[in-house]
Every structure is written in structure tokens, then in C-alpha cells.
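Below, chains carry the letters A, B, ... as their sequence lines are ordered, and counting in each starts from 1.
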Amino acid sequence: MKFYNTFTRRKEVFKPIKKNEVKLYSCGPTVYNFAHIGNFRSFIFVDILKRYLKFKKYKVKHVMNITDVDDKIIKKCSENNFSLEEYTDKYKKAFFDDLKTLNIQKADIFPKATAHISDMVILIQKLLDKGIAYKTDDGSIFFNINKFPDYGKLQKLDKDQMKKGERVETDEYGKDSAYDFALWKGYKPKDGDSYWDTEIGKGRPGWHIECSAMSAKYLGETFDIHTGGVDLIFPHHENEIAQSEAANGKKFVNYWMHCEYLGLKDSKMSKSLGNTVYIKDLIKKNYSARAIRFVLLSVHYRQKLNFSFEQLDSAEKTLKKFDDFKYELDNVENSNVENEKIIDLSNKMLQNFENSMDDDLNISAALGVVFTFLKQINKFKSTNKLSNLDRENIINSLKKIDNILGVIFLKSEKDNYVDEDKILKKIEERNEARKNKDWDKADKIRDELLKSGIELVDRNDGTTYKIK
RNA sequence: GGCGACGUACCCAAGUGGCUAAGGGGGAGGUCUGCAAAAUCUUUACGCGCCGGUUCGAAUCCGGCCGUCGCCUCCA
């Protein structure tokens, strides 16, 4: 199994520190607003990665941070006289709701930044003691990048090329060098009640320190995989490396995996540009959660994905293919004969799927394998009869696949509201009409049911129905 | 200026030296059907941004050009 490691810029054979066990850290949401589909693309990437690691029989310990304190949140709170928690609560809740909607498996631990201030303080103190960090007049503490020779190794920055930005002049916190970054921000009256009184002063943590502190706490000072969006490579992850490695004197992370952007009309979608699409809006527009999930997972994670409604429509139809396939599979005979051919096709499908995913999670190729399998089975069915054992075999294989995709057997909420007796009665009534060649009546019943979301299917051996 | 990604059919998208260039959506045609719908089957790129080069052989390697996008500032 190979993964593309941002650090080396190439695919590498994956070897965890501890055999059969993977320690995984993912940069999670900043809860100052609702997370949009771009955010969820990267969370779905992690979900696929994690599910695949489990598929490969690894035990996975997954940590995803919740950033519930940052400049924007503090500003909002101070303006409106909220406490941090009052403000961030609803976004946290919305985030977890959306995770559930999109069938994203939860991390084992979701540490909140505000609950780990003391861990951060200890880490910052360590950096102060080592002379790598320095304090400024306003009580802020900065990381001196010149004390960390490897600075820039993730982004491949040449320190001599790093020009002083114009922002330096207007920066609120006086620091020595433009690229020095804040570990701790000294308290300012406009911060209101959002501060911590600690051994290193009154204030609040910088953005990067939480990930260094919390990952070490839950996964150790060196761990296997760290994920995030490509935009986090610099400065966030670069700075995490600097902090952690300078403090601990150990390699921080073995494999860095970054998810490409989801774009909107050829431009990046971000909260600051205001061109955002949220999960709940798509659901309101009657798109199914599984279609959203499918769109987000169906393009390789290192490939830019341009989101569009056409893709969602296309995804709905693609997923219907799975439903129809499963539906047609009900039509088997109880012969208890197992077809060698089916076993063979199933095994090959699983093997090819795995081969594709082993290559840096090549999901497009893997999906191709699954669709080819459906076609093969359909073709087989056109000349042979499937037995109930064949059916079981096929379903089980698809279930193994769906442990990763999480989309084939995902039920729609609508399934629960069906009054089967009523439908069967209508079908009987219609078939009576058909027998009498009363097509008008038969069609009327069909139309009525269709309006309530029930689609009738006339087959040689009788009429059945599907839920639309 | 520094770092980086990408350009394959109408749309999305695999493929990174060698069987007839996966797969999904769409289109076209057939089967089935009272008719529909659905389903299913078949079909849909002599060519992979453009121009050169290397090679017996390139979408795939090398060089140049054109185009799109991203990071370098909060951002998944």
C-alpha cells in the first residue's frame, strides 16, 4: 500500500510505527461558522482513508481537533458579549450533524482547543526554556524560525527567498521577523472575556500550537499520518513541524497527506470569499446525502474537484444503478447451487478494488472495478439463473466494498414511510384492471402511486414496486 | 519573484513506455412491455492542449510553447 507523502513529494510504501496500528491526526473544523462542502471534501477524504486502513486490518486511532478559539471567534464574542462556548456550540453541533448526514465515521477523539490550554502552555514553556521562542512587550510569544534550521522543509521554502511582507508593519503583535509566528497572543482589552491566565501570561493560544499539543497528547510525539487540506501545508503544518520538532527533538509525522481543493466555477470556495455551499442547503434542495457523499469521494483526493449541480444529478443516477442492481438481485431462485463463475467474479472484483486503492487510494479506478463487476453479473444473469447463494455472495462482496464507500447500502430516510399493504392492494387492483384490458384505470393507479413516490415495475413474473 | 498542481470524448474521470485508451453521466440503437416507465444489452476518442525530440514503440520520458488553477496572508 502506497501513499503520496507531501513531505517527500512522492508515493511511499506505508509502514506504520507499530505493526498493524495507525495513529492518525486530522485538522478539523474551526467552528466560527458552518462547515461547507469544501471542508467536507477533506473530511470525506480522511473518512475513506480511515475506512480503507481498517479494511486493510489496521487498528486506527484517529484524532480530529475542533478549533473553538481563534481571532474571528473572539471578535464575534467580544462584539456580541457571548462566551466562546455560547458562540461555537451551534456550529459544533451542526458539524456533527453533517458528519452523520454524510455517513462519515467519527474520530475516536475530538479534542477541543479550549480544553487543552494547559497542554499548550507546557509546550510553549518548553520552547521558551530552549530559547527558541521569545516574548514581546505586549505579552505575546513568538517562535523564532531562525532557531529552527529545518524551517520551510514541508513547503520547500527557501529562507533567503522569503521576503518581508508588507503586513509586518501593520501587524498587531510586534515580532522580530516576518515569518516568526505566534505561539501565544497577549491579552488585549478588545478580546473581552476570552482569555486564559497562565504561567506564561494572560492571553490565548496561537493557531498552530493546539495541533502540536493535542496530537502529542493523544498520539505521541511521533505518529504515522497527519492530514489536512492543501492550504494547510503552509503555514499551518510547517509551523506545527517547527514547534513539535523543536520542542521534542523528534520527527513529528511520518506521512503527510493533503486533500486538494474543491472548487466552484473554477475558483476556490472559501468562507472569506462568500461563495460557499452548505450540506443542509443541498439537502433542502432535495439532493440525497449519499449523492453528496458520492460526488465528494468519487474524485481522487489529490485532484481538484469542481463542484456542480450537474455532478450531483449524475451521482444520483449512478447510485440508482446500485439500487436497481440490488433490486434485480431479489429475483433469484432457491436452488442452493453456487455458481463458480460468481465466486470467481466476486473475488476478482475485490482483489482489483484493493489493488487500485493500494495505489494512493485510487478511487476512480476502484469504482471502475465495481461497475465492471455489476455489468459482469448482469451479463451472467441474462443467460443464467442466479441462486440465493449467488445473491448472498454478491451482496456480501458489495458490502465489503461499501464498508469503505459508505454509499451503496446507505438507506434513504424515505424508506421508512412506506405502507406496504396499501401498495400491494393497489397493485392487485391494477392487475385486475389490466386483466380486463382497462388500461385507463391501470395507468391511473400507476400514476397515482408514482406521485407518492412509488414506481411500479411490470415483470414477467408479476408486478413489484420501487421507492423513488 | 519563490513553491506547486493540472490540461484525455458532449460532461466527469482512470490510465505514467508496448494487448483493440477503464469506469460513470449524457446521446444513439436493440431487447423486454398492453402502452409507458424502469431495467438490461450494444454503441459512442485512429486519438490523449500545441510543436519538436528520445525510442522498434509514448497519452505515458525529455525540451519548448500555450492555457487553467492553487499556495506564499485567516482558510479543508
Q. How is the base pairing of RNA chain B summarised as a dot-bracket string, given the Watson-Crick and G-U wobble criteria with both distances under 3.5 Å, [ ] for crossing and | for another strand?
A. ((((((((.[[[..)..(....]]]((((((.......))))))....[[[[[..)....]]]]])))))))....
Need one value for [X]: base, sugar-phosphate or nothing, where a base atom within 4.0 Å counts as base even if backbone is also close, heavy atoms only.
| X | answer |
| --- | --- |
| A:Glu310 | nothing |
| A:Asp324 | sugar-phosphate |
| A:His300 | sugar-phosphate |

Nearest-Å distance, [atom1] ([X]) to [atom2] ([N])?
| X | N | atom1 | atom2 | value |
| --- | --- | --- | --- | --- |
| A:Ile233 | B:rA76 | CD1 | C1' | 11 Å |
| A:Leu232 | B:rA76 | CG | C1' | 6 Å |
| A:Tyr465 | B:rA37 | OH | C1' | 18 Å |

Taking the side chain of [X] as its heavy atoms from C-beta onward, which of [options] lies nearest to it?
| X | options | result |
| --- | --- | --- |
| A:Thr318 | B:rA76, B:rA14, B:rG24 | B:rG24 |
| A:Lys317 | B:rG24, B:rG4, B:rG26 | B:rG26 |
| A:Leu262 | B:rA38, B:rG25, B:rA76 | B:rA76 |
| A:Phe234 | B:rC71, B:rG4, B:rA13 | B:rC71 |

Whole-angstrom distance between [N] and [M], as gauged at atom [atom1]:
| N | M | atom1 | value |
| --- | --- | --- | --- |
| B:rU8 | B:rG4 | P | 23 Å |
| B:rC41 | B:rC32 | P | 16 Å |
| B:rG24 | B:rA45 | P | 15 Å |
| B:rC10 | B:rU73 | C1' | 40 Å |
| B:rA9 | B:rA36 | P | 36 Å |
| B:rU43 | B:rG23 | C1' | 16 Å |
| B:rC46 | B:rU31 | P | 29 Å |
| B:rG15 | B:rG2 | C1' | 33 Å |

Can you check whether [X] has a side-chain N or O nearer than 4.0 Å to OP1 or OP2 of [N]?
| X | N | answer |
| --- | --- | --- |
| A:Gln303 | B:rA14 | yes |
| A:Ser298 | B:rG24 | no |
| A:Tyr179 | B:rU73 | yes |
| A:Lys320 | B:rA39 | yes |

If you go through the side-chain atoms of [X], does one of them form a donor-acceptor pair with the base of [N] closer than 3.5 Å?
| X | N | value |
| --- | --- | --- |
| A:Arg446 | B:rA36 | yes |
| A:Lys304 | B:rC6 | no |
| A:Asp440 | B:rG34 | no |
| A:Arg434 | B:rC35 | no |

Q) What residues form a salt bridge (Lys or Arg N to Asp or Glu O under 4.0 Å) with A:Lys422, not counting sequence neighbours? A) none
Q: Enumerate the residue pairs fulfilling side chain to side chain donor-acceptor pair (under 3.5 Å) with a member in residues 99-111 of chain A, sequence neighbours excluded, ordered by first and then second residue.
A: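 Output for this query lists A:Lys54-A:Gln105.
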Relative to [Y], does [X] satisfy both conditions: NZ or CZ under 6.0 angstrom from the six-membered ring centre, and within 45 degrees of the ring's axis?
| X | Y | result |
| --- | --- | --- |
| A:Lys466 | A:Tyr327 | yes |
| A:Lys76 | A:Phe82 | no |
| A:Lys75 | A:Tyr32 | no |

**Q.** Nearest-nucleotide 5' precedence on RNA chain B, A:Cys259 against A:Arg430
**A.**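 Residue closer to the 5' terminus by nearest nucleotide: A:Arg430.
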Q) Closer to the 5' end of RNA chain B via nearest nucleotide, is it A:Val457 or A:Ala315? A) A:Ala315
Q: Measure the acute angle between the ring planes of A:Phe40 and A:Phe43, then classify it against the limits of 30° and 60° as parallel, tilted or perpendicular.
A: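 Aromatic pair A:Phe40/A:Phe43 classed perpendicular.
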(Q) Ring-plane angle category for A:Phe373 and A:Phe325, please: parallel below 30°, perpendicular beyond 60°, tilted otherwise. (A)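 Because their plane-to-plane angle lies in the 30° to 60° range, the rings of A:Phe373 and A:Phe325 count as tilted.
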Q | Residues that A:His208 engages under ring pair (Phe, Tyr, Trp, His ring centres under 6.0 Å), provided they are two or more places apart | A | A:Phe181, A:His236
Q.
Just verifying a value: how many Å separate A:Phe294 CZ and A:Ile44 CD1, rounded to the nearest 0.5 Å?
A. 11.5 Å
Q) Taking everything shown except A:Lys93 itself, do over 12 heavy atoms lie less than 6.0 Å from its NZ? A) no
Q. Got a sec, which pairs hit salt bridge (charged side-chain N to carboxylate O under 4.0 Å, His left out) with one end in residues 306-319 of chain A, sequence neighbours left out?
A.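 Those involving residues 306-319 of chain A do not exist here.
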Q. Of the residues in residues 360-382 of chain A, which ones touch RNA chain B at a heavy-atom distance under 4.0 Å?
A.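 Residues of residues 360-382 of chain A under 4.0 Å from RNA chain B: A:Asn362, A:Ser364, A:Ala365, A:Gly368, A:Phe371, A:Thr372, A:Lys375, A:Asn378, A:Lys379.
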